[in-house]
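Naming convention: chains lettered A, B, ... in sequence-line order (proteins, then strands); numbering from 1 in each chain.
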Amino acid sequence: MNDMRLTERATQMHDTKIAARGVDVFYGDTHAIKSVDVEIADKTVTAFIGPSGCGKSTFLRCINRMNDTIPIARVEGEILIDGEDIHDPRVDPVQLRAKVGMVFQKPNPFPKSIYDNVAYGPRIHGLSRNKADLDVIVEDALRKAALWDEVKDRLAAPGTGLSGGQQQRLCIARAVATGPEILLMDEPCSALDPIATDQVENLIHELRRNFSVVIVTHSMSQASRVSQRTAYFHLGELVEFGDTGDIFTNPRDQRTENYITGRIG
Amino acid sequence: MTDTAPVPVPERRNGSLMTSDRRTARRNAAEKRFRLYGLAAIGVAATALVILLASILAGGLSAFQQTTIQLQVELPAERLDPEGNRIPVEMASVTTFGYAPLLRDAMVATLADAGIETDLDASDLADMVSDESVAQLRNYVLANPEVVGSTIPVEVLASGRIDGYYKGRVTALTAELDRNVDPAQLVLADALKDAGLLETGFNWRFLTWPDASDTRPEAAGLGVAILGSLYMMLIVLCLALPIGVAASIYLEEFAPQNRLTDIIEVNISNLAAVPSIVFGILGLAIFINWVGLPQSAPIVGGLVLTLMTLPTIIIATRAALKAVPPSIRDAALGLGASRMQAVFHHVLPLAMPGILTGTIIGLAQALGETAPLLLIGMVAFVREYPDAPPEGLFDPASALPVQVFNWTQRSDPAFVERASGAIIVLLLFLFLMNLTAIFLRRRFERRW
């Protein structure tokens with residue numbers, strides 16, 4: 001791993017976008033997340049790494065309250081987005097999820113046309129007044145997802161007919177089209193080949209200009225390539241959180257060191 | 001684990017790959033046996049199906065053929081319209097007894113015209129024509145009063161025995177023993193056939209006419225039964241599909257997981273296994289005795305069949321909803337769609353082929369159901385066509401499977417043929433519905 005590149009990376013800090021305080025998650029009797037405190041900055045890529053089952057995806061799903069859809073899941077503690085508690089009874093999860101977009105592990109385009117996939121979010125949130133507006137939003141989202149040039153001639157083709165990497169970028173475009181402020185990515189490259197992974201990683205760099213990106217990944221090299229901040233989870237605990245360069249070159253905790261050097265995980 | 005028993009060394013370790021060892025040979029033999037069992041099972045099922053279809057087709061196809069006789073009937077004005085003003089209401093005072101002699105005379109005259117000689121008296125000649133034809137002639141004259149006073153060509157039904165003669169059911173030998181038919185009548189029928197006055201052709205009446213009394217199998221048709229079944233299917237479709245789909249969506253997508261929903265789920269599965277006659281008793285007690293809906297009406301039959309079909313549709317719909325990958329729901333929810341939007345925009349369209357298939361299978365099951373209909377009085381003898389819906393839903397009607405049941409109980413063997421014919425019609429409808437199910441599944445199926 002190129003240590004120089006990591007340490008020289010600009011880590012100019014932005015304001016805190018997401019603040020989690022004492023977050024606990026229970027699946028039935030299982031204590032999946034144990035008292036996690038974390039502050040995620042705006043316009044930054046934050047990577048969550050850790051061995052399987054350590055709770056990084058679970059924590060990610062807390063941020064847009066996707067855990068609400070699992071009946072046995074119970075979330076305790078405070079998660080603030082721009083200083084507002086997302087568990088406040090006045091918060092509608094539907095509105096929250098428009099603000100916090102999500103990209104899933106497996107590309108999951110709707111079995112509809114490419115255009116309809118991207119236009120779905122803007123349609124249900126009423127972001128466009130007419131067809132022309134919608135066309136602009138769709139094109140802009142597809143451009144941001146670096147997919148426009150590949151699909152501009154076949155927007156009516158089914159989204160499920162694209163290749164795996166294209167499908168994942170379509171899902172990113174779909175999430176971007178809703179105009180979120182935060183983008184959550186749950187292992188977005190785990191089902192992709194290296195070329196498609198490279199495309200998505202370049203995309204994440206681009207997205208950082210407009211969004212706060214939180215990415216869960218199994219690949220430590222990916223975390224080091226795309227993120228500015230890294231959080232290491234172990235058995236439901238947040239072991240270490242800091243600048244990506246520091247975590248990978250100078251971990252403070254023994255468990256982090258064991259993981260990134262390949263001794264566990 | 002301090003036991004140090006020697007580890008058994010596998011026998012085949014040093015064997016050649018070219019010879020199969022004992023274990024492999026046994027495994028291959030078992031597999032071969034299993035395939036043979038499977039083939040045998042399919043063979044038995046296929047044979048049973050072929051025998052069933054063959055026996056029904058052999059017995060029932062002749063119901064679609066009917067023997068008719070061409071007669072020139074003179075309609076004397078002084079007997080049919082004593083007032084002489086051609087007003088149907090007044091002409092109706094002449095009953096079928098007034099018309100019977102006309103057909104008898106027409107039969108005699110037709111034979112004379114054709115130059116056929118016979119020893120049979122006029123009454124025996126009239127017996128060769130179905131009793132139904134008299135009523136048929138009267139209805140025709142009342143509907144067209146201007147024909148009174150002229151001689152018109154009429155195609156009348158041959159009696160059941162004559163018809164049976166051309167279908168191989170009646171022979172000169174059986175006619176000797178049968179007091180309903182004289183062998184001379186059969187000889188005469190052949191003479192009429194040679195003269196081109198008697199012929200056997202396709203029997204539209206079987207599909208359109210209502211049921212007929214025990215002595216007139218030749219005039220019995222499925223018209224009322226088909227209408228009744230159609231009305232009931234309409235009711236089942238209009239009630240069971242929305243209720244079933246709404247219930248499934250709620251249970252599958254919205255209902256909280258608790259004791260109550262568990263109990264409901266178990267009960268739905270149990271309802272699917274309740275014998276259909278129990279639903280008939282329920283319909284009798286609730287819809288007829290308590291609500292006061294009319295007996296023998298398609299509305300009651302439809303309601304009972306709806307209750308019976310609901311569990312089937314709910315189970316099929318829930319299975320179809322479950323089969324939609326959760327990633328689609330996650331994708332929609334992750335974009336900020338509400339639960340309802342996720343279900344109606346994404347989950348339901350993907351589940352549609354399964355829902356439609358389940359619904360049509362449920363409908364097909366309801367179409368063939370007999371037992372509950374017997375209890376709510378649909379087994380009645382109905383001659384009148386029900387009106388057009390919605391009023392017609394409250395008129396008495398029959399149903400296809402009940403008509404089959406009804407006809408098989410009658411003594412005249414001609415009704416066995418009719419019953420088999422009705423089974424063919426019922427099977428055709430079921431076949432069509434299943435084809436529709438397959439077509440819809442292909443049409444709406446989408447990959448993800």
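Take A:His218 and apply the ring-ring contact (aromatic ring centres under 6.0 Å, His included) test, not counting sequence neighbours, and it matches no residue. In this structure A:Ser219 satisfies the side-chain hydrogen bond (donor to acceptor under 3.5 Å, both in side chains) test together with A:Ser221, sequence neighbours excluded.
Contact of B:Arg329 with chain A is not made at all, since no heavy-atom distance falls under 4.5 Å. Heavy atoms of A:Val100 lying under 4.5 Å from chain B belong exclusively to its backbone.
A donor-acceptor pair under 3.5 Å is formed between the side chain of A:His125 and the backbone N or O of B:Leu335. Proximity of a side-chain donor or acceptor of A:Asn108 to a complementary backbone N or O of B:Ile328 within less than 3.5 Å is not detected.
Atom CG of residue A:Asp92 and atom OG of residue B:Ser338 lie 9.0 Å apart, to the nearest 0.5 angstrom. With values rounded to the nearest 0.5 angstrom, A:Arg65 atom CZ is found 12.5 Å from B:Leu333 atom CG.
Nearest heavy atom pair, residue A:Arg174 against residue B:Ala331, reads NH2-CB, 3.3 Å. Taking every heavy atom of both residues into account, B:His346 and A:Tyr120 meet most closely at NE2-CZ, 3.0 Å.
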Notebook entry, point to check: How far apart are the C-alpha atoms of A:Thr69 and B:Arg339, what are their side-chain angles, what is the distance that settles it, and do they pass the side chain to side chain contact (heavy atoms under 4.5 Å, CB included) test?
Noted result: CA-CA 9 Å; A:Thr69 61; B:Arg339 279 257 167 136; 3.9 Å; yes
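Ring to ring, B:His345 and A:Phe110 are not that close: their centroids are 6.0 angstrom or more apart.
Around atom CZ of B:Phe431, no more than 12 heavy atoms belonging to other residues, nucleotides or ligands sit under 6.0 Å away.
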